[in-house]
2 protein chains.
Amino acid sequence: MHETIKHESMFTAIADIQRRKILNILKRSEMSVAEIKSHFEFSGATLSHHLNILKNAELVRVRRQGQQRIYTLNLSVVEELLLIFNQIFVSKEDEK
Amino acid sequence: MHETIKHESMFTAIADIQRRKILNILKRSEMSVAEIKSHFEFSGATLSHHLNILKNAELVRVRRQGQQRIYTLNLSVVEELLLIFNQIFVSKEDEK
DNA sequence: CATATATTTAGATTATCATCTAAATATCAC
DNA sequence: GTGATATTTAGATGATAATCTAAATATATG
């Protein structure tokens, strides 16, 4: 009946609407921080903070490209999250 | 690219590990507050607070039975949440 | 109706979180 | 290497949220 730290970080990550919007945007294609930023009103520092939380939850990956950093949705972890979700709330098995 | 208030309350509701545990417990069968409480360490007031948040998100339903209140998992809303999940993070459609 | 039981509500406290500005770091182009 | 651009880090602030104790409400029972 306990939950790994990893699960915890995923649920925390998707709790915020701005971060869900970031994931939603990245669903279409990978993007630099500046491109992501163009969709929002808040500061670069705030965006960096959100990206860091998503990264820690492994929901996104980053790679360097010159001065830019390109963020990508980590689809396998998103799918894992869906499974966990199903396991906690729907399936007859206990949360493992 | 916006989200209803209802979605917001659902994501907030499942962000807390105690509330996810409550949902996980209710998956097996409906329960009185006292029964739910036996699974946790925190005070009754705290449990009541969590149940209220789950109720506002419509993830659980309550009915009276004498002095007790019986909480039930609202399966249709849990399923709805799974769909929203898929829509935001996986499917090619935008979040509606 | 008085007392016991079940649960919620009120109000306070502490911790966590989203956001900001300013400064730091890294890379590129000249 | 100097200046410009991209992004992150540090530190502060205000808002939200989790929890507690004490008090209130509702129901049941003798």
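Quick note on labels: first sequence line is chain A, next is B, and so on, each numbered from 1. Both backbone and side-chain heavy atoms feed into the values below; hydrogens, waters and symmetry mates do not.
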How many Å lie between CZ on A:R20 and P on C:dC17, as a whole number?
15 Å
I want to check one thing: is the phosphate of C:dC20, taken as OP1 and OP2, less than 4.0 Å away from some side-chain N or O of A:S43?
yes
Nearest whole angstrom, please: distance from the C1' of C:dT5 to the CD of B:E35.
15 Å
In whole angstroms, how far is the C1' atom of C:dC20 from the NZ atom of A:K37?
12 Å
Which whole-number value in Å describes the distance from A:D16 CG to D:dA15 C1'?
13 Å
What class does the angle between the rings of A:F85 and B:F85 fall in, given that below 30° is parallel, 30 to 60° is tilted and above 60° is perpendicular?
tilted
Check for a donor-acceptor pair, side chain of B:R19 on one end and backbone N or O of B:I14 on the other, with a separation under 3.5 Å.
no
From CD of B:Q18 across to P of C:dT16 the rounded distance in Å is 14 Å
Give, ordered by number, those residues of residues 45-55 of chain B having at least one heavy-atom distance below 4.0 Å to an atom of DNA chain D; if nothing qualifies, reply none.
B:A45, B:T46, B:H49, B:H50, B:I53
What are the residues of residues 56-75 of chain B, sorted by number, that bring a heavy atom to within less than 4.0 Å of DNA chain D?
B:R64, B:G66, B:Q67
Euclidean distance, atom CE of residue B:M31 to atom P of C:dA6 [Å, nearest integer]:
16 Å
Counting N and O atoms only, with roles assigned by atom type, does the side chain of A:T12 sit under 3.5 Å from a partner on the main chain of A:E8, one being a donor and the other an acceptor?
yes
Restricting to non-hydrogen atoms, name the atom on A:N24 and the atom on B:I88 that form the minimum distance, rounded to 0.1 Å.
ND2-O, 2.9 Å
Does any N or O in the side chain of A:Q68 come within less than 3.5 Å of the main-chain N or O of A:Q65, such that one atom is a donor and the other an acceptor?
no
Between A:K27 and B:Q87, is there a donor-acceptor pair closer than 3.5 Å when you use the side chain of the first and the backbone of the second?
yes
Would you kindly say whether A:S43 and A:T46 are connected by a side-chain donor-acceptor distance under 3.5 Å?
yes
Please enumerate all residues that pass side chain to side chain donor-acceptor pair (under 3.5 Å) together with B:S76, with sequence neighbours excluded.
B:N74
salt_bridge(A:E30, A:R61) N-O dist < 4.0 Å:
no
Between B:R19 (CZ) and D:dT16 (C1'), how many Å, whole number?
11 Å
